[in-house]
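Below is one structure; the comments refer to it alone.
Quick note on labels: first sequence line is chain A, next is B, and so on, each numbered from 1.
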Number of protein chains: 2
Amino acid sequence: MDSSATNRPAMDDGTADLADVGRRLRALREERGLSLSELARRAGVGKATLSGLEAGTRNPTLETLWAVTGELGVPLTALFTRPPGQSTEPDSPVFHGESVEATLLRVFDDETVTYELYQVRFPAGTAQTSPPHPPGVTEHLTVFAGTLLAGPIGSLREAGPGDYVTWRSDVPHGYRVIGGQDVHASLLLRYPRR
Amino acid sequence: MDSSATNRPAMDDGTADLADVGRRLRALREERGLSLSELARRAGVGKATLSGLEAGTRNPTLETLWAVTGELGVPLTALFTRPPGQSTEPDSPVFHGESVEATLLRVFDDETVTYELYQVRFPAGTAQTSPPHPPGVTEHLTVFAGTLLAGPIGSLREAGPGDYVTWRSDVPHGYRVIGGQDVHASLLLRYPRR
DNA sequence: CCCCGTCGTTCCATAAACGGAACGTTTCGT
DNA sequence: ACGAAACGTTCCGTTTATGGAACGACGGGG
């Protein structure tokens, strides 16, 4: 499905498959001591729906998810956010250790422009290049910890804690971590609209 | 603006309705310069599906949402974040100054330094001064929308959309909004520790 | 022991979300 | 000016998510 040429940072929103969502939902229900039947009745959904949802054999509708999470009193995000403690699989450190993690903090829509604010983490040793974005897009990186080179390929700039780097991202650009420390940074993407 | 120890991303995922999700999805698509047809093709969903989804006339399936947001490169959460200017979660750390509204997005604790990332909103016409902070504290302001003067009193600098201003805040400093537009910005506070 | 209420799963007809095709419109390049 | 391509919307047959009902399993009380 995603086999196209799109290259994007690995979004750590805990995106999982239907089975994971089902497990999380069941855990949330059982924490509250609710039976499946009772939660289904309160949320106004069928028992079959909830049963299949928790088993991971159904592909729920957004309204169904809203109904259930609303009754559980949790935001929809709770179904996709990993509970603390099992954030990463212990037996697959390679994938987590070598990919950039980006979490979308905010999206700001304006009449003429949109901003996306990410918190990103580059593990030590990371080097990644990104293809050009549409014209006019700019990136604004504020470093919190660690040091890296970032910017357009060929004119990378060094940025350490507290530093701020910006560049037009309609050309190939990338990042390379310097030193043995992970880099934490805030990345602001600016998308002007015609 | 106090530094409470709560490390909690104030991610609005309010209870939006289908029309809101559709609007947000359309905005995310258009800021990338993608046509509806192309996004549908890349994401592997029907054009009718995407059209109805953006119009708010459909009740999408979780797999459909994953396909589309995955292709857009945003977490599912991006569809549920409120547009700026709306109220935030009731228990999120929101601080109201005279007229400034600041929301703590993130706290980063390091061995030697602490960062606090805020999203702030200065209503049009706002002018406010802040007393000095402890020595070594710096402020880093990234403007999202609107224009303002910010920095130490006596050497205010102008900053418009996309601009970045920083200053040492161990002296009296302040902000003054220019023009009739509200200012949205990201404010990073850096607290070095001995 | 038996009854009865509740548990979670499975079966089923209905409603609706889905993808493909056709449509009218707009935007190009020739 | 014309034709071709791409745009977003609408129509339509197929697929599938849904809620109600029926099911067997379990457990407590009379």
Quiz item: Is there a path from B/Ile178 to B/Leu156 through hydrophobic residues (I, L, V, M, F, W, Y) whose side chains come within less than 4.5 Å of each other?
Solution: yes

Self-check item: Inter-axis angle, terminal five-pair segments of the helix from C/dC1-D/dG30 to C/dT30-D/dA1 [nearest 10°]
Solution: 20°

Quiz item: Heavy-atom distance under 4.5 Å between the side chains of A/Val21 and A/Asp17, does that happen here?
Solution: no

Exercise. Evaluate whether atom CZ of B/Arg41 has more than 12 neighbouring non-hydrogen atoms of other residues, nucleotides or ligands under 6.0 angstrom away.
Key: yes

Check the interface with nucleotides 4-6 of chain C: list each N/O to N/O pair with the protein under 3.5 Å, or write none.
none

Exercise. Mind checking A/Arg41 for me? I need base, sugar-phosphate or nothing, with any heavy atom below 4.0 Å counting as a touch.
Key: nothing

Self-check item: Side-chain N,O (B/Thr49) to OP1/OP2 (C/dA17) below 4.0 Å
Solution: no

Self-check item: Length of the line joining B/Asn59:CG and C/dC18:P, which is rounded to integer Å
Solution: 8 Å

Quiz item: Within the pair A/Thr61 and C/dA17, is there a side-chain N or O less than 4.0 Å away from OP1 or OP2?
Solution: no

Exercise. Of all the heavy-atom pairs spanning B/Leu65 and B/Pro60, show the shortest one and how long it is.
Key: CD2-CG, 3.8 Å

Quiz item: Taking OP1 and OP2 of D/dT10, is either one under 4.0 Å from a side-chain nitrogen or oxygen of B/Ser51?
Solution: no

Quiz item: CG of B/Leu34 versus C1' of D/dC7: gap in Å, rounded?
Solution: 13 Å

Quiz item: If you pin A/Pro60 and B/Arg26 to their nearest nucleotides in DNA chain D, which one's is more 5'?
Solution: B/Arg26

Practice problem: Could you tell me the separation between the CG atom of A/Leu18 and the P atom of D/dA17, rounded to a whole number of Å? | Solution: 9 Å

Quiz item: With the 4.5 Å side-chain cut-off for hydrophobic clustering, are B/Leu149 and B/Val165 part of the same group?
Solution: no

Practice problem: Check the distance between D/dA17's C1' and B/Leu65's CG and give it to me in whole angstrom. | Solution: 14 Å

Practice problem: Whole angstrom is fine here: how far is it from CG in B/Leu50 over to P in C/dA17? | Solution: 15 Å

Practice problem: Find the distance A/Glu54:CD to C/dG8:C1' and express it as a whole number of Å. | Solution: 10 Å

Practice problem: Kindly assign one of parallel, tilted or perpendicular to the pair B/His173 and B/Trp167, based on the angle between their ring planes and the thresholds 30° and 60°. | Solution: tilted

Quiz item: With clusters built from Ile, Leu, Val, Met, Phe, Trp and Tyr whose side-chain heavy atoms come within less than 4.5 Å, directly or transitively, what are the remaining members of the cluster of B/Ile153, listed by chain and number?
Solution: none

Quiz item: Whole-Å distance between D/dC7 P and B/Glu30 CD?
Solution: 13 Å

Self-check item: For B/Thr147 against B/Val183, the heavy-atom pair lying closest together
Solution: O-CG2, 3.4 Å

Exercise. Could you pick out which residue, B/Lys47 or B/Arg58, lies toward the 5' side of DNA chain D when each is mapped onto its nearest nucleotide?
Key: B/Lys47

Practice problem: Determine, for A/Glu54 against A/Arg29, whether the closest basic-nitrogen to carboxylate-oxygen distance falls under 4.0 angstrom. | Solution: yes

Practice problem: Using whole Å, report how far CG of B/Leu36 lies from C1' of C/dT26. | Solution: 15 Å

